[in-house]
Q: 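Shown below is the structure under consideration.
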Amino acid sequence: CSTAFQALPAGYQHWLVKFRAPTEHRDTGAIEYAYSVLAERAGVKMAASKLIEINSSAETERPFSAQRFDRN
């Protein structure tokens with residue numbers, strides 16, 4: 001999203017979505033999500049995160065996403 005020339009709508013949030021590389025395990029997103037949940041349970045202040053499910057004809061992709069903590 002390029003915001004250099006326009007105001008963002010009310011409620012807009014910046015999120016980073018990490019797609020796995022072709023050489024990575026198919027559950028890389030789920031593994032990264034599990035790490036973020038474990039870190040939060042251990043007391044580390046974490047940005048909000050979730051898995052996004054993308055269904056395609058080949059297979060279901062589940063990339064990890066995290067809310068940007070460096071953006072307002």
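Both backbone and side-chain heavy atoms feed into the values below; hydrogens, waters and symmetry mates do not. Not measured: the values here are computed from a predicted model.
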Q: Who pairs with Arg68 by side-chain contact (heavy atoms from CB on, under 4.5 Å), at least two apart in sequence or on another chain?
A: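 side-chain contact (heavy atoms from CB on, under 4.5 Å) list for Arg68, sorted by chain: His14, Leu16, Asp70, Arg71.
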Q: Would you please name every residue forming a salt bridge (Lys or Arg N to Asp or Glu O under 4.0 Å) with Arg62, sequence neighbours left out?
A: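 Listed in chain order: nothing, the list is empty.
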Q: Which donor-acceptor pairs under 3.5 Å do the side chains of residues 35-50 make with protein atoms, sequence neighbours left out?
A:
from	atom 1	to	atom 2	distance (Å)
Ser36	OG	Tyr33	O	2.7
Ser36	OG	Ser49	OG	3.0

Q: Under the rule for side-chain hydrogen bond (donor to acceptor under 3.5 Å, both in side chains), what residues qualify as partners of Thr23, not counting sequence neighbours?
A: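 With neighbours one apart ignored, the set is empty.
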Q: Might you point out which heavy atoms bring Gly29 and Phe64 nearest each other, and give the distance in Å?
A: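 Here Gly29 and Phe64 meet closest at O-CB, 3.7 Å.
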Q: Does anything in residues 13-29 pair up under salt bridge (charged side-chain N to carboxylate O under 4.0 Å, His left out), and if so which pairs, sequence neighbours excluded?
A: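 Residue pairs passing salt bridge (charged side-chain N to carboxylate O under 4.0 Å, His left out), neighbours aside: Lys18-Glu32, Arg20-Glu59, Arg20-Glu61, Arg26-Glu59.
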Q: Can you list, by chain and residue number, the hydrophobic cluster partners of Ile54 when the side-chain cut-off is 4.5 Å?
A: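 Listed partners: Val17, Phe19, Ile52.
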